[in-house]
Amino acid sequence: DRIIKVFRHDAELSESLDHEEVFRNEIQNLIVSAHSNVTSIFSADTLQINEEKTPFYIMEYVSGARDMDEWIESNIDRVDKDLALGIILDAANGIQALHRAGIIHCDLKFGNVLVGDKGKVKIADLGFSKPIVNRSEKTAVFTTFKYIPKKYLKYFEKAVDKRQTEMGIPQKHINESFDIHYFGKMLEEILRRFPNIFSRPEANDINLISKRMDLDEESYLPRFK
C-alpha cells in the first residue's frame, strides 16, 4: 500500500539543478500542505546508486493512479459529467490546500495531477513549487512554456527541455493567480477532451470560469484570485 519515488540522475533537467534541493523542497511542501487531494508521504531518505546518493521518499499508493493525460486516454469512454466535475473539484481542493499552506505549485497541468480508481485525484510533483513571499528578489521558476501567461514571458531565461522552461521571476509576482491561470487552462482542456458530456449552458459556464482565471483574457466579470 506504498510506493517509492526515486529522483533520477539521467534526466536532462538534472544537469542544471541541485536535485537534492529540489527533493528537500518537495518533501517540505508535501508535509506542510497535507490534504486528501495532495500526495501524502510517510518517510524520506537516500540510497546509494553507483557513485551517487539518490534521494527517495515513500508515498501513499493510489490504486490505478496515472497522470491525468494517461488516465483520460484510458477512460475516455466512461467519463460522464459527474465524474468530470468530481475530478475538477478535487483538483481545485488540492490547489486550495497548497495556497492555504502558502505554497504555489508553479507547474499545474494534467501531467502533474494523478487520477486513480473511481476518479480519486492527487496534486503531485511539488519539486519546483514556491512559497508565497512579498520580495523583489528573483527566483528560478521551472514551468511549462505552453501555459505561461504573456506578462511573464519577459522573465524567460532558457528552455531546459521540451517540457520545462526556466524563468527568473520576482518572488512577489509568484502568487495564487499564477496557479489559478494554469488551472483555467486545465478546465479548457477538459472541455476540449469531453465536448459532449456537458450541456451547452454548462460548457459555457465552465468556459467563462476558465476565462476569469486566465491572466491573458479580458472578462466582464471579476477575475478569480
Side-chain angles (χ1 to χ4, degrees), residues 29-30 33-40 59-126 128-129 132 143-144 146-149 163 174-225:
N29 289 341
L30 285 172
S33 61
H35 187 270
S36 60
N37 295 121
V38 179
T39 52
S40 299
M59 58 187 284
E60 65 178 316
Y61 172 71
V62 180
S63 178
R66 303 181 186 180
D67 70 44
M68 198 166 172
D69 260 326
E70 294 180 359
W71 188 89
I72 286 175
E73 290 300 320
S74 300
N75 294 274
I76 197 151
D77 293 331
R78 77 176 186 89
V79 176
D80 58 17
K81 178 175 69 176
D82 289 340
L83 183 52
L85 289 175
I87 290 171
I88 290 170
L89 290 173
D90 281 353
N93 285 331
I95 295 165
Q96 184 181 57
L98 293 178
H99 292 175
R100 285 179 172 171
I103 298 165
I104 306 301
H105 188 286
C106 291
D107 195 23
L108 288 168
K109 57 185 177 183
F110 280 10
N112 288 338
V113 177
L114 299 178
V115 186
D117 293 342
K118 300 180 181 179
K120 186 175 184 179
V121 172
K122 299 281 184 176
I123 303 297
D125 293 316
L126 271 67
F128 300 132
S129 55
I132 302 173
T143 191
T144 303
K146 180 179 178 181
Y147 299 138
I148 297 171
R163 296 169 302 166
I174 305 296
N175 53 37
E176 292 91 339
S177 65
F178 194 89
D179 279 353
I180 290 171
H181 171 89
Y182 281 54
F183 185 51
K185 296 299 182 183
M186 291 174 59
L187 294 184
E188 291 176 10
E189 184 67 14
I190 287 173
L191 286 177
R192 189 184 71 79
R193 299 280 188 101
F194 303 105
N196 301 316
I197 62 174
F198 299 106
S199 68
R200 184 179 296 273
E202 290 167 341
N204 288 340
D205 282 346
I206 295 172
N207 186 60
L208 177 58
I209 290 170
S210 72
K211 298 303 182 190
R212 293 177 66 187
M213 295 178 175
D214 195 324
L215 293 174
D216 296 328
E217 291 281 349
E218 295 294 331
S219 173
Y220 65 88
L221 293 173
R223 189 177 304 283
F224 290 117
K225 299 180 180 179

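Count residues from 1 along the sequence. Everything quoted here is computed from the prediction, not taken from an experiment.
- Nearest heavy atoms, H181 versus I148: NE2-C, 4.3 Å.
- More than 12 heavy atoms of other shown residues, nucleotides or ligands fall within 6.0 angstrom of atom CZ in R78.
- Of all the heavy atoms in C106 and I174, the pair that sits closest is SG-CG2, 3.9 Å.
- The distance from the CG atom of L215 to the OH atom of Y147 is 15.0 Å, given to the nearest 0.5 Å.
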Given the rule in the side chain to side chain contact (heavy atoms under 4.5 Å, CB included) test, do L114 and T39 qualify, once you have shown the distances and angles that lead to the verdict? CA-CA 9 Å; L114 299 178; T39 52; 4.0 Å; yes
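- Of all heavy-atom pairs between K122 and S36, the closest is NZ-O, 2.7 Å.
- With hydrogens and angles disregarded, no donor-acceptor distance shorter than 3.5 Å links the side chain of S210 to the backbone of E188.
- Every pair passing side-chain hydrogen bond (donor to acceptor under 3.5 Å, both in side chains) that includes a residue from residues 89-99 is listed here, sequence neighbours excluded: H99-D179.
- In this structure, CD1 on I123 lies 8.5 Å from CG on N112, to the nearest 0.5 angstrom.
- Between F198 and F194, the ring centre distance reaches or exceeds 6.0 Å.
- I104 contributes atom CD1, which lies 5.0 Å from atom CD of E176 (distance to the nearest 0.5 angstrom).
- The two atoms that bring S33 and L126 nearest to each other are OG-CD2, 4.2 Å, heavy atoms only.
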Using the rule given for side chain to side chain contact (heavy atoms under 4.5 Å, CB included), can you reason through L30 versus S40, listing the C-alpha separation, both sets of side-chain angles and the distance that settles it, and then say yes or no? CA-CA 7 Å; L30 285 172; S40 299; over 6 Å; no
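- Taking CZ of R212 as the reference point, atom CG of N207 lies at 12.5 Å (rounded to 0.5 Å).
- The two residues E60 and V38 make their nearest non-hydrogen contact at OE2-O, 3.8 Å.
- Side chains of K109 and T144: a donor-acceptor N/O pair is present below 3.5 angstrom, by distance only.
- Judged as a salt bridge (charged side-chain N to carboxylate O under 4.0 Å, His left out), and not counting sequence neighbours, R223 has no contacts.
- Listed for the E217 side chain is no donor-acceptor partner under 3.5 Å among the backbone atoms of K211.
- You'll find the side chain of Y182 reaches within 4.5 Å of the side chain of P149, heavy atoms only.
- With rounding to the nearest 0.5 Å, the separation of CD1 in I103 from OG in S129 is 6.0 Å.
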Side chain to side chain contact (heavy atoms under 4.5 Å, CB included) between I95 and F183, worked out: CA-CA 9 Å; I95 295 165; F183 185 51; 3.6 Å; yes
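- In this structure, the side chains of L187 and I209 come closer than 4.5 Å at one or more pairs of heavy atoms.
- S74 places no side-chain N or O within 3.5 Å of a backbone atom of W71 that could act as its donor or acceptor partner.
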Show your reasoning for whether salt bridge (Lys or Arg N to Asp or Glu O under 4.0 Å) applies to E73 and R193. CA-CA 9 Å; E73 290 300 320; R193 299 280 188 101; 3.6 Å; yes
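- Panel note: side chain R66, backbone V115; no donor-acceptor pair is recorded below 3.5 Å.
- With N37 contributing its side chain and V121 its backbone, the two residues share a donor-acceptor pair below 3.5 Å.
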Can you give the donor-acceptor pairs under 3.5 Å from side chains of residues 79-88 to other protein atoms, not counting sequence neighbours?
| unit_1 | atom_1 | unit_2 | atom_2 | d |
| --- | --- | --- | --- | --- |
| D80 | OD1 | D82 | N | 3.4 |
| D80 | OD1 | L83 | N | 2.9 |
| K81 | NZ | E202 | OE2 | 2.8 |

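- With K185 as the fixed residue, the salt bridge (Lys or Arg N to Asp or Glu O under 4.0 Å) test singles out one of D107, D216, D214: D214.
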Before giving the answer on side chain to side chain contact (heavy atoms under 4.5 Å, CB included), spell out for H105 and L108 the whole-Å C-alpha distance, their side-chain angles and the decisive distance to 0.1 Å. CA-CA 6 Å; H105 188 286; L108 288 168; 3.7 Å; yes
